[in-house]
Every structure is written in C-alpha cells, then in structure tokens.
Amino acid sequence: MSEFEKSQSLGNRILAALPREEYERLAPRMQPCAFEQGDSIYEPNEPIEHAYFPLGGMVSVLTPMQDGSSVEVGVVGREGFLGFPPLIGIESAPTNTMSQIPGPALKIEAGVLKQEFDRGGTLQLILNRYIHAQVTQLSQVAACNRLHDVNERLARWLLLAHDRVEEDRLQLTHEFLSQMLGANRATVSLTAGVFQQAGLIRYTRGMVTVLNRVGLETAACECYGVMRAELDRPLVA
C-alpha cells in the first residue's frame, strides 16, 4: 500500500508521515475547521495567514483572468497542504484557492509552520517534496489543457477527485466542472452524458457517482498517470 493510499485511513498524508516528536510540536497549534463547497480559502495577492492540512474533500487552485474567468491549475486533498508561499518568504500568491468538495481540515498559523519548517528535519523534507509534486502537477495541467480534449481532461479530473475522497459520490455541478476544465458548460454536459451512457459515471443534479474507475482510467490522458506517480512517491525515504 502506498503512502497516498494509507492517507485515506490515517487522515492527512503529510501529518501521518511525521515522526512523533515533530507532530507533537505541531498538534497543539493546529485547529479543526471545515470547508464547504465554493468557500474561498485564499484570494489572489492577499496575505496568507494560515496553512491548512485537509483531512478530506478537495480544494482547487485557480488562475484568475482579467475578464473574470478562471481555470484550475491544481488540486489538493488529504495528500497535501495549502499555504506554502510563506515557507519560502512570499506573503501571497496571484492564484485563487477554493474548496471544490466539502471536507474537514486542520489549520495552523503560517508563521508557526514556518518556524517548524526552518528547524529542518522531516517536516521540511516532506513539505519540500510535496511542493515539488505540486509544481509537477501545475506543469502537467498546463500541458493537458493545451493538448488534450475535454473527454480526456474530464476523465483525468474525475480520477484526481476520486483519489482524494472516501466515496464514489462527488458533489459537483456542470457549472463547477466547466470552470475547472476551462470549457463551456454545454461541452462538459455533453461529455458527462457520453460517460454516463458508457456506464463510467452516473450524474444526477449536483452529484457525480463513479461507477467504473477502470473505464475512466482508460478514457483519461497520460497526465493522470504522471500526477498519480508523484502522489505515490514516498515522502520519507
């Protein structure tokens, strides 16, 4: 079983990989919270005051444009954390971070996490490796959005979401999916209909149920495999 798969039962993957001593320094400074669908976690160019370790659900990192549109460039779930810019001395980011699928999380002041990060040790190693995985995901999404059709991208996105939640049922709307994929709603609805007819998913109002994961993996582009391989890479040697 990979570390990513173990995180499904152990909570957040990063926290689960920490040595007891390092985790116990962090634990008293973390507070439980929860994200609802559509919650804005970080606004573009606003100070990042807290970092978050999701325990469920999924968060999207979006690049906004001047015309008000945006496109998803990354996703984060229980395998990772949110709020890395302060760790490298940057107070804000130009992206918008929004909750896609509701779920619980633990939050900690960004300054406190940086203090622990600057100690070195396993926490620094793990967070750096996860940041590398996020950079890989961002570059792969950029290539995917440019080179692959909506069918492949939708299959890839559904697999990424399915990896990060405990159930086959994903609380999603076509409007939300179209925003994430950078495609119009009609195209996403048509593609979802094709997947439903093929028995890969079932779509009812605001809810997508994964019926055939193997079929989705066949329909997805190569990008899903690249991203999944990064998640399966051990955080600690």
Side-chain angles (χ1 to χ4, degrees), residues 1-35 39 41-42 47-61 74-93 95 97 99-140 159-167 224-237:
M1 180 183 294
S2 70
E3 286 181 359
F4 179 65
E5 291 167 330
K6 285 167 63 179
S7 74
Q8 300 299 306
S9 59
L10 294 177
N12 181 274
R13 181 193 183 199
I14 290 174
L15 297 180
L18 288 177
R20 179 183 295 273
E21 178 183 353
E22 293 189 41
Y23 176 77
E24 288 182 348
R25 284 202 304 265
L26 283 178
R29 309 299 297 272
M30 293 189 291
Q31 298 177 329
C33 61
F35 299 134
D39 282 354
I41 301 166
Y42 302 128
I48 295 174
E49 298 179 350
H50 292 89
Y52 297 88
F53 293 86
L55 304 176
M58 190 174 80
V59 172
S60 289
V61 181
V75 295
V76 181
R78 62 174 62 207
E79 84 290 351
F81 81 109
L82 303 162
F84 76 81
L87 300 184
I88 55 176
I90 299 173
E91 294 184 354
S92 63
T95 50
T97 305
S99 174
Q100 272 261 28
I101 299 174
L106 294 171
K107 74 175 182 178
I108 186 170
E109 291 182 11
V112 172
L113 185 62
K114 179 166 173 41
Q115 288 176 0
E116 290 298 320
F117 179 83
D118 288 344
R119 284 175 177 259
T122 302
L123 177 66
Q124 186 183 88
L125 172 66
I126 289 174
L127 295 186
N128 279 334
R129 288 184 173 179
Y130 179 71
I131 291 169
H132 166 75
Q134 279 294 92
V135 171
T136 299
Q137 181 185 145
L138 186 151
S139 62
Q140 199 69 37
L159 289 167
L160 291 175
H162 193 240
D163 282 340
R164 286 162 173 79
V165 299
E166 295 180 333
E167 301 179 356
Y224 171 70
V226 173
M227 296 179 196
R228 180 60 196 247
E230 283 298 318
L231 290 180
D232 285 336
R233 189 193 300 272
L235 288 175
V236 182

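- Closest heavy-atom contact between S139 and T136: OG-O, 2.9 Å.
- Applying the ring-ring contact (aromatic ring centres under 6.0 Å, His included) test to pairs two or more places apart or on separate chains, those with a residue in residues 101-131 are F81-Y130.
- Heavy atoms only, all atoms of each residue included: A93 and I48 are closest at N-CD1, 4.4 Å.
- Side chain of R164 to backbone of L160: a donor-acceptor contact under 3.5 angstrom is found.
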>> Pair Q134, E230 - check side-chain contact (heavy atoms from CB on, under 4.5 Å), show working.
In response: CA-CA 9 Å; Q134 279 294 92; E230 283 298 318; over 6 Å; no
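- For the residue pair T97 and L82, the shortest heavy atom distance occurs at CG2-CD2, 4.1 Å.
- Summarising the local packing, CD of E21 is surrounded by 12 or fewer heavy atoms from other residues, nucleotides or ligands at distances under 6.0 Å.
- Counting heavy atoms from C-beta outward, V59 and F35 have side chains that approach closer than 4.5 Å.
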>> Let's go through L127 and F84 carefully: what are the C-alpha distance in whole Å and the side-chain angles of both, what is the deciding distance for side-chain contact (heavy atoms from CB on, under 4.5 Å) to 0.1 Å, and is it a yes or a no?
In response: CA-CA 8 Å; L127 295 186; F84 76 81; over 6 Å; no
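- For the pair R129 and P234, the tightest heavy-atom approach, listed with the atom from each and the gap, is NH1-O, 3.6 Å.
- Q140 and Q137 share no donor-acceptor pair across their side chains, judged by distance under 3.5 Å alone.
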What side-chain donor-acceptor pairs closer than 3.5 Å can you find for residues 101-114, not counting sequence neighbours?
unit_1, atom_1, unit_2, atom_2, d
K114, NZ, D118, OD1, 3.3
K114, NZ, D118, OD2, 3.1

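- Separating the CZ atom in R13 from the CZ atom in F53 is a distance of 13.5 Å, to the nearest 0.5 Å.
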> Taking it one step at a time, do L125 and L235 satisfy side-chain contact (heavy atoms from CB on, under 4.5 Å)?
Replying inline: CA-CA 8 Å; L125 172 66; L235 288 175; over 6 Å; no
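- One N or O on the side chain of N12 and one on the backbone of P54 form a donor-acceptor pair closer than 3.5 Å.
- Every residue two or more places apart in sequence or in another chain that forms a side-chain contact (heavy atoms from CB on, under 4.5 Å) with T122 is listed here: P19, E22, I126, V236.
- Between the CG atom of L87 and the CD1 atom of I131 there is a distance of 5.5 Å, given to the nearest 0.5 Å.
- Counting all heavy atoms, side chain and backbone alike, E79 lies closest to I14 at O-CG1, 3.9 Å.
- Between the side chains of D163 and Y224, at least one donor N or O lies within less than 3.5 Å of an accepting N or O.
- A heavy-atom distance below 4.5 Å is found between the side chains of R25 and E116.
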>> Would V75 and V61 count as a side-chain contact (heavy atoms from CB on, under 4.5 Å) here? Give the steps.
In response: CA-CA 6 Å; V75 295; V61 181; over 6 Å; no
